[in-house]
**Student:** 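The structure under discussion is supplied below as structure tokens; questions concerning it will follow.
None of these values were measured; they are calculated from a predicted model.
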Amino acid sequence: MEGSLPTSGTPDTVDLRDRLASGALSAVDLVEICIARIEAREPEVQAWAWFDPEFARHQARGLDAHRKSGRPVGPLHGLPVGLKDIIDTAKIPTENGCPVDAGRIPTADAWVVERLRQAGAVIMGKTTSTELAYLHPSKTRNPHDTGHTPGGSSAGSAAAVADGMIPLAVGTQTGGSVIRPASYCGVTGFKPSFGAIPRRGILMQSHTLDTVGVFARDPLGTALIADVLFGHDPADRQTSLAPAPRLLETGRSEPPLKPVFAFVRPPGWDDAHPDVHAAFGELVEALGDQVFEVDLPSLFDSAAEQRMIVNFAEMSRYYYRYFRDGLDRLGPETVKALETGNAIPARDYLAALDWQKLLNAALEEIFERCDAILCPSATGPAPEGLGSTGNPIFNGVWTLCGTPAISLPLLTASNGLPLGVQLVGSPGNDGRLLRSANWLNTWADQ
């Protein structure tokens with residue numbers, strides 16, 4: 001391998017893992033490729049909040065020595081991973097994209113970091129987050145065109161994978177913070193079912209909505225890292241004991257029948273970019289008998305408003321210290337959200353919590369007829385300018401429902417920027433969703 005990680009062509013993340021495990025590629029060599037790419041492109045893309053090449057090299061040398069000793073290697077042996085800068089890393093800065101937390105250095109790793117280390121991953125560094133994982137933009141730029149936003153809040157994670165700096169990254173989603181930047185940057189972003197991945201040691205914005213997600217070049221790459229991260233942690237009451245998900249095994253298996261997709265036009269469709277309308281019309285036509293069109297129940301027209309009530313109310317609770325001690329150092333988007341959350345009556349918040357069950361009940365009839373819902377990942381290509389992270393209207397409803405969702409970089413806008421295709425599965429059926437996504441990804445490559 002020379003130059004940078006491949007950013008187009010056939011899926012390669014699992015092949016890369018296999019080469020590392022066999023010794024055909026050393027962890028040191030792969031890390032050096034990543035370092036060279038980061039050093040060449042970081043001045044333009046600005047995906048990293050903290051990066052120390054010597055720290056990465058030290059881990060890689062230890063992993064190579066471990067493999068040469070003949071001891072078993074982990075499922076992510078030697079694979080560099082970027083971590084969103086709201087995920088605690090012991091002795092490494094975690095500043096939450098916020099000036100109030102400048103210089104903050106945790107004393108313990110987050111649960112997901114513990115898992116990644118145990119699996120043999122190389123912690124490459126901390127990727128940028130918007131301020132407190134909300135809407136105030138980070139410094140990161142879209143690698144396809146640096147005059148356009150990469151999305152948010154997991155901006156750095158999406159951009160770093162998209163630019164070939166690293167093969168894998170971890171982010172989070174409370175509204176659309178995995179799926180939307182994946183769409184804008186042209187990578188695969190996977191948001192699992194709510195509660196699948198523990199959140200201990202990750203900045204909490206909303207205990208009802210916060211979901212850990214992952215980025216890779218292809219669906220099987222996201223399955224590979226998600227397999228390691230799924231689990232139960234007593235410190236996160238939203239997680240539960242469950243058998244190992246075997247996401248990669250399921251994702252790469254042949255479907256018993258070709259998947260069937262339900263194409264929906266989510267609330268906000270009429271305001272989407274004309275390229276989205278045209279591209280999805282062509283995609284639905286090309287899929288033929290593998291897709292049918294269905295309208296979401298009218299209940300979904302109010303879903304975005306209800307999700308925001310939950311988000312802002314819980315955000316005002318968890319971010320109270322920022323409101324109390326650092327309001328003058330926060331961006332206007334964050335301040336407005338905190339002030340809005342402070343003013344939400346308890347009755348409105350409690351009523352909004354009931355919507356998840358109502359929405360999921362309405363989805364059951366659709367999921368009985370399909371393997372996955374098909375819809376856009378974003379309202380258009382990445383908007384020009386860096387003052388906004390884009391519109392999450394096509395994502396937040398699925399976050400509120402707790403359904404697994406994945407964005408695939410299958411379409412291109414008229415200006416050459418990526419357009420993501422979003423697949424949504426029923427809660428708990430992450431493996432089936434990944435299998436359908438892998439089928440669609442392979443179909444699109446043919």
**Student:** If only atom types and distance count, is the side chain of Asp227 paired as donor or acceptor with the main-chain N or O of Leu248 below 3.5 Å?
**Tutor:**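 Yes, because the side chain of Asp227 sits within donor-acceptor range (under 3.5 Å) of the backbone of Leu248.
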**Student:** Applying ring-ring contact (aromatic ring centres under 6.0 Å, His included), name anything that partners Trp111, two or more places apart in sequence or on another chain.
**Tutor:** none
**Student:** Using 0.5 Å steps for rounding, measure from the OG1 atom of Thr174 to the CG atom of Asn395.
**Tutor:** 12.0 Å
**Student:** Ignoring hydrogens and geometry, is there a side-chain-to-backbone donor-acceptor pair from Asp430 to Pro192 under 3.5 Å?
**Tutor:** no
**Student:** Do the non-hydrogen side-chain atoms of Arg435 and Pro256 ever get within less than 4.5 Å of each other?
**Tutor:** yes
**Student:** Leu374 versus Leu283: any side-chain heavy-atom pair under 4.5 Å?
**Tutor:** yes
**Student:** Is the shortest side-chain heavy-atom distance between Val276 and Trp269 below 4.5 Å?
**Tutor:** yes
**Student:** Any donor and acceptor pair, going by atom type alone, linking the side chain of Gln422 with main-chain N or O of Phe394 inside 3.5 Å?
**Tutor:** yes
**Student:** Check the pair Arg321, Asp101 against salt bridge (Lys or Arg N to Asp or Glu O under 4.0 Å), reporting the backbone distance first and the verdict last.
**Tutor:** CA-CA 11 Å; Arg321 74 174 181 91; Asp101 286 336; 2.8 Å; yes
**Student:** Can you list the residues that meet the salt bridge (Lys or Arg N to Asp or Glu O under 4.0 Å) rule with Glu114, with sequence neighbours excluded?
**Tutor:** Arg200
**Student:** Count the heavy atoms belonging to other residues, nucleotides or ligands that lie under 6.0 Å from CG of Asp289, then report whether that count exceeds 12.
**Tutor:** no
**Student:** Looking only at atom types and distance, does a side-chain atom of Gln290 sit under 3.5 Å from a main-chain N or O of Pro259, one as donor and one as acceptor?
**Tutor:**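 Side chain of Gln290 to backbone of Pro259, a donor-acceptor pair under 3.5 Å: yes, one is there.
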**Student:** Report yes or no: does Thr250 contribute a side-chain atom to a donor-acceptor pair with the main-chain N or O of Leu247 at less than 3.5 Å?
**Tutor:**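 Not at all, since once roles are kept as given, no pair shorter than 3.5 Å links the two residues.
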**Student:** Salt-bridge test for Asp163 and Arg41: reply yes if a basic N is under 4.0 Å from a carboxylate O, no otherwise.
**Tutor:** yes
**Student:** Mind running side-chain contact (heavy atoms from CB on, under 4.5 Å) on Glu293 and Arg265 for me, showing each step along the way?
**Tutor:** CA-CA 9 Å; Glu293 298 188 30; Arg265 295 176 176 86; 2.9 Å; yes
**Student:** Within the 3.5 Å criterion, strictly below it, is a donor on Lys126 or Thr94 matched to an acceptor on the partner's side chain?
**Tutor:**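 On atom types as modelled, these side chains qualify, holding a pair under 3.5 Å.
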**Student:** Check whether any side-chain heavy atom of Leu116 lies under 4.5 Å from a side-chain heavy atom of Val170, and answer yes or no.
**Tutor:** yes
**Student:** Evaluate the criterion side-chain hydrogen bond (donor to acceptor under 3.5 Å, both in side chains) for residue pair Ser154 and Lys84; output intermediate values, then yes/no.
**Tutor:** CA-CA 6 Å; Ser154 306; Lys84 184 177 181 178; 3.1 Å; yes
**Student:** For the atom pair CZ (Arg180) and OG (Ser377), what is the distance rounded to the nearest 0.5 Å?
**Tutor:**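 One gets 11.0 Å once the value is rounded to the nearest 0.5 Å.
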**Student:** State whether the side chain of Thr222 and the backbone N or O of Pro219 hold a donor-acceptor pair below 3.5 Å, judged by distance alone.
**Tutor:**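 Looks like yes, one N/O pair under 3.5 Å.
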**Student:** Going by the rule ring-ring contact (aromatic ring centres under 6.0 Å, His included), which residues pair with Phe280 if we only count those two or more places apart in sequence or in a different chain?
**Tutor:** none
**Student:** So, taking the atom named CD in Gln205 and the one named OH in Tyr319, what distance separates them when rounded to the nearest 0.5 Å?
**Tutor:** 4.0 Å
**Student:** Do side-chain atoms of Ser206 reach the backbone of Asp210 as a donor and acceptor pair under 3.5 angstrom?
**Tutor:**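 Between the backbone of Asp210 and the side chain of Ser206 there is no qualifying donor-acceptor contact (under 3.5 Å).
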**Student:** Are any non-hydrogen side-chain atoms of Asn142 and Thr149 less than 4.5 angstrom apart?
**Tutor:** no
**Student:** For Cys185, is there any backbone N or O sitting under 3.5 Å from a side-chain donor or acceptor partner on His144?
**Tutor:** yes
**Student:** Does the plane of the ring in Phe51 sit parallel, tilted or perpendicular to the ring in Trp48? Use 30° and 60° as the thresholds.
**Tutor:** tilted
**Student:** With a 3.5 Å distance limit and no angle check, can you tell me whether Gln173 reaches the backbone of Gly213 through a side-chain donor-acceptor pair?
**Tutor:** no
**Student:** What's the spacing between Asp371 CG and Leu423 CG if we round to 0.5 Å?
**Tutor:** 10.0 Å
**Student:** When you look at Phe215 and Val178, which way does the side-chain contact (heavy atoms from CB on, under 4.5 Å) test go after all the steps?
**Tutor:** CA-CA 8 Å; Phe215 298 89; Val178 170; 3.8 Å; yes
**Student:** Do you see a donor-acceptor pair shorter than 3.5 Å between the side chains of Asp236 and Thr239?
**Tutor:** no
**Student:** Quick check: do Leu350 and Leu353 have side-chain heavy atoms less than 4.5 Å from each other?
**Tutor:**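 They are in contact (side-chain heavy atoms under 4.5 Å apart), so the answer is yes.
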**Student:** To the nearest 0.5 Å, what is the distance between CD (Glu131) and SG (Cys98)?
**Tutor:** 5.0 Å
**Student:** Is any side-chain heavy atom of Pro267 closer than 4.5 Å to one of Val397?
**Tutor:**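 No; the side chains remain at least 4.5 Å from each other.
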**Student:** If we ignore hydrogens and angles and just use 3.5 Å, is the side chain of Asn438 paired with the main-chain N or O of Leu434 as donor and acceptor?
**Tutor:**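 Pair absent, no side-chain N/O of Asn438 close to backbone of Leu434.
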**Student:** Looking at side-chain heavy atoms only, is the closest gap between Arg199 and Gln238 below 4.5 Å?
**Tutor:** yes
**Student:** Show your working on side-chain contact (heavy atoms from CB on, under 4.5 Å) between Ile373 and Leu363 and close with a plain yes or no.
**Tutor:** CA-CA 10 Å; Ile373 288 172; Leu363 288 174; 4.0 Å; yes
**Student:** Roughly how far, to the nearest 0.5 Å, is CH2 of Trp398 from SG of Cys375?
**Tutor:** 5.5 Å
**Student:** Take atom NZ of Lys336 as the centre, draw a 6.0 Å sphere, and report whether it contains more than 12 heavy atoms from other residues, nucleotides or ligands.
**Tutor:**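 Result for NZ/Lys336: open.
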**Student:** Would you say Thr188 and Asp218 are linked by a side-chain donor-acceptor pair, where the criterion is simply a distance under 3.5 Å?
**Tutor:** no
